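Report on the structure given below.
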Amino acid sequence: METITSIKPLLAVLVSLLVTPMLISSRSPNVREGWTFVAAIIKLAIVASMVPVILQGTEIVYTVAEVFPGVAIKFKVDAFGMLFALVSSTLWIVTTIYSIGYMRGLNEHSQTRYFCFFAIALSATVGVAFSANLFTLYLFYEMLSFATYPLVAHHQDQEARSSGRKYLLYIVGASIGLVLPAMMICYNLTGTLEFSKQGIFTGTEPNATMLVLLLMLVLGFAKAGIMPFHSWLPAAMVAPTPVSALLHAVAVVKVGAFSVLRVLTGVFGIDLLARLNLGIVICYLAAFTVITASLIALSQDGLKRRLAFSTIGQLSYIVLGVALLSPKGMIGGMTHIAMHAFGKITLFFCAGAIFVATGKKNISEMVGIGRRMPITMVAFFIGSLSVIGLPPTGGFFSKWYLVQGTIQADQWPMLVVLLTSSLLNAAYFFPIVYKAFFCTPEEAMFEDRIEEAPIWCVVPLVITAAGSIALFFYPTLFLKLAELATR
Amino acid sequence: MSQQYPVLIVIVPLLSAFAISIAGWVNKRLCFPIIVTALGVAVYASVGLLLTVLEKGVVIYHLGGWPPPVGIAYYVDHLNGLVLVVVSLVALLNVIACKKSIELEFPDKAAPFYTLYILMVTGLLGIVVTGDAFNLYVLLEIAALTGYGLLAMGEERAPLSTLNYLYMGTIGACFYLLGVGYLYIVTGSLNMVDIARLLPPLYQSKAVLAAFIICMVGVWLKMAFFPLHAWLPNAYTHAPSAASSLIAPLVTKVMVYVMIRLILTVFTPEFAFATLALNNVVVWLAVIAIVMGAILALAERNLKKMLTFIIVAEVGYMVGGAWLGNRAGMTGAILHIVNDALMTLCVFLVVGNIVYKVKGYAFEDLQGLFRKMPFTMGAFVVGAMSIIGVPPTCGFFSKWYLILGALQAGHYGFVAALIFSSLVSVVLFFRIFEICYYEPFSDHHGHDHPPEPMDEAPLLMVVPLLIVAVILILVGLYTGDIVNHVIKFAIPEGLV
């Protein structure tokens, strides 16, 4: 594979980090948000400028400093990393628009702090996407964990504190307690942590340690929400909704899934996993999470909590797809990062818009809301179609590939799991939409008068809903990137 | 002049001590420029010395031109070259950062304070630079006696806790002296290189064995290696801020340096690790030190005292790393001397700033600090991350080498202790962050709640602190260079 050296990946990571002093020193909120937009657009531009090179099958590398023999802080942009970076930097712009509407609409405190840590979190996310080795990935993973904490705990009340504790306990506890030692053991065994197709264990005799290491790494990246390390995510829903939308539906949780995928494809390598028959272990872990999370979601009345459990299930789709170890399954898993991102962020935006406009958080209080907020609820419907995996939305493609992947891998039980889960997804989303529009006048809880959330809230959710549909008609870019990544 | 660097490092601070005490009678405001200049020269000389060592190898300086074994020789290699830079730099940054709090806490006694301060630094620098085992004891006592003076100037209870330290410290120094005495009886020399040359045929001798063990126990006492730590927490907690942020980063680290110097240069790693076969026991002691330090820190409801127990745990890191008996562990221990000195300085300076503004360091005093003192707290977060061991702060990198060394030695207990201590540190620091961030709780979401005004410490306190915080990250990023160009050569090639 051809590689070229360029400082672009480093710049893409740093741009949102370097803007934080501007954010802090800005005198008015408009200037501050202006800087956020500048950073977000430059970031997307840098990331996008690398796309053509990546599509030609070239990789971009940049080494910052060698810190240990054989281990450097090093960036490598490949197709998979590009896919993820592209999704998160695109959605950052949309989320910034939404944040303005939401935070000002609710007159939230400490908005400067909020935008600063958001920018830092995005730096870390792109850093994870472009990491060339496990060490660099760990560095940015931890940076993201700590940058997200003040966002989760934004409200600074008792509830935020206990959720923040839970968040740290799971995320940092697992990464220091499991990933760090596993990484050290890998380094001690092989002397390298560089991601590669063959994995880092070439030349090492496979043994029982492998299974232990695999489990430590897969479960240790707790942001992926694989059970039993999932319950931080519903707790983190106390955060302001834009945080839940971008970080807990896209950036943070997918950094988890992304890291797990890197472990499977880059640290162990598909060949080794197939040879040792370890993929199936991960498959069953993920499948269990998919079904259980969907069942729990059914019983949640808080809209954001229901979405959170849905996210837990959908994240395991990604892991499941790759753990099938079949090419189609891997394409499905990787594109699901993009497709689910657009769908789920729309749903969260809708939840936030409802909260801003009406102050309602629970599904049982949303009967008839479609008459009050028709645009929002149509977008909600499109988002749920995408998450369920129905046309005409992008989610259809990833599910399609995932299903094909199970057939290709000859894993019939997994096919059943996927189809059951789709039914369950429909079962927990459609009643919300149905009740929003179709209810008797006595049931309706809202006056028959259109009153949407502020325009800054509505535009982003229309954009992402339109994006979900656009991805159905033009999925080529993400499919191409995923295909390149599986090659 | 560059040949005179080794002696300048000690002489300039020593003579400036007289200048400061005289200046104190003439004009008090002269004291601060003098001490800063003296420490600046020390930093300059030690950086120059390190560069010379990197370029030309070991530097040996005969004091007064008297060759050993009659005269005293200063012996500087990569190991103490590095430690010298750290000690002088920490002393300089600390005195600048603490000027305001010294003026506040001792309006009349600033001159004696500065005098004791610079004498203590002289002692510490001397311990590091000397190549003579007995001279080391003399300087050890200089550092210790001035240290007692500095610590005792603190709160009401400071004299009592310092007296406790004085007893224990004196016993430790006596042990060390006794060990050196044994070595002198056996070899007839006090020069470290000379002793190292004469010792190998005598390794079977019981006297040599006794000398080694007595020296080690003495040094452990002085560095507060669990369970010999009991003097440390109270002595450091009740001390004035400026004294604790000098002594806490440096004294224990310098004693770890002495331990490593004894193992690597005076004795040989083969003798310490292979012949004695004690290392497994010592590493287990270190495991206990780390675990107990962490648990005792958890029990504290007082920021400064909590930090002192973290020092006890960190000493366990370094002793354990050094005694793993392999290259990675030793690298981790030496790197941790540097890193721990810097991060301890960082967190103790933070305490200094808090005390300056809030007049207290109990947990209840810390409410709302993120809003009141955002820059101080920013530096505190960096220091805490380093102690927890989050990359790219430097604390992660020494922990990496320590864990690697433990894995290579097959000592999984030590690996578990390090991970455990990281996890406990997360709890320790986030417990404080929570108080500073959430409390006092507002009734509802903090809307329409007038934010408390910012009330940051003076610029002269905040800027050095922020410099230290940046250094923590830079040292982390340049770990590769530090290890490849300095520490690699500090460890004998025989140690694999």
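Chain letters run A, B, ... following the sequence lines, proteins first, then strands; residues in each count from 1. Worth saying up front: this structure is predicted, and the values here are computed from it rather than measured.
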Using a distance-only test with no angle check, is there a side-chain donor-acceptor pair under 3.5 angstrom linking A:Thr136 and A:Lys74? no

Could you check whether B:Arg371 and A:Ser110, counting side-chain N and O atoms only, form a donor-acceptor pair closer than 3.5 Å? yes

Can you tell which part of A:Met183 gets under 4.5 Å to a heavy atom of chain B, answering side chain, backbone, both or neither? side chain

Chain B contacts, top residue of A:Ser145, A:Ala65, A:Ala153 (heavy-atom pairs, under 4.5 Å): A:Ala153

Apply the test ring pair (Phe, Tyr, Trp, His ring centres under 6.0 Å) to residues A:Phe117 and A:Tyr149: give CA-CA distance (whole Å), side-chain angles for both, the deciding distance (0.1 Å), then the verdict. CA-CA 9 Å; A:Phe117 282 104; A:Tyr149 176 77; 9.5 Å; no

Which atoms of A:Phe140 are under 4.5 Å from chain B, going by heavy atoms: the side chain, the backbone, both sets, or neither? neither

For A:Tyr141, is the NZ or CZ atom of A:Lys223 found under 6.0 angstrom from the centre of its six-membered ring and inside 45 degrees of the ring axis? yes

Can you tell me if B:Thr331 and B:Tyr401 form a side-chain donor-acceptor pair at under 3.5 Å? no

Can you say whether A:Ala72 sits under 4.5 Å from chain B via the side chain, the backbone, both, or neither, judging by heavy atoms? neither

Of the listed B:Thr479, B:Leu418, B:Ile419, B:Ile388, the one with the largest count of heavy-atom pairs under 4.5 Å with chain A is B:Ile419

Interchain contact, B:Val483 with chain A, by part (heavy-atom threshold 4.5 Å): neither

Heavy-atom distance under 4.5 Å to chain A: side chain of B:Phe397, backbone, both or neither? both

So, A:Lys76 versus A:Ser131: side-chain donor-acceptor pair below 3.5 Å or not? no

So which part of A:Leu139 gets closer than 4.5 Å to some heavy atom of chain B, the side chain, the backbone, both or neither? both

Contact class of B:Val390 relative to chain A, heavy atoms under 4.5 angstrom: side chain

Can a donor-acceptor pair be found, under 3.5 Å and without considering hydrogens, that links the side chain of A:Gln111 to the backbone of A:Pro29? no

Name the region of A:Leu168, side chain, backbone, both or neither, that has any atom closer than 4.5 Å to a heavy atom of chain B. side chain

Name the member of B:Leu477, B:Val381, B:Ile403, B:Asp481 that forms the most heavy-atom pairs with chain A at distances under 4.5 Å. B:Ile403

Is it the backbone or the side chain of B:Phe396 that comes under 4.5 Å from a heavy atom of chain A, or both, or neither? side chain

Structural part of A:Ile185 lying under 4.5 Å from a heavy atom of chain B: both

Full working for ring pair (Phe, Tyr, Trp, His ring centres under 6.0 Å) between B:Phe273 and B:Trp323: CA-CA 7 Å; B:Phe273 302 139; B:Trp323 281 84; 5.7 Å; yes

Taking the six-membered ring for Trp and the single ring otherwise, decide whether the centroids of B:Tyr317 and B:Phe414 are under 6.0 Å apart. no

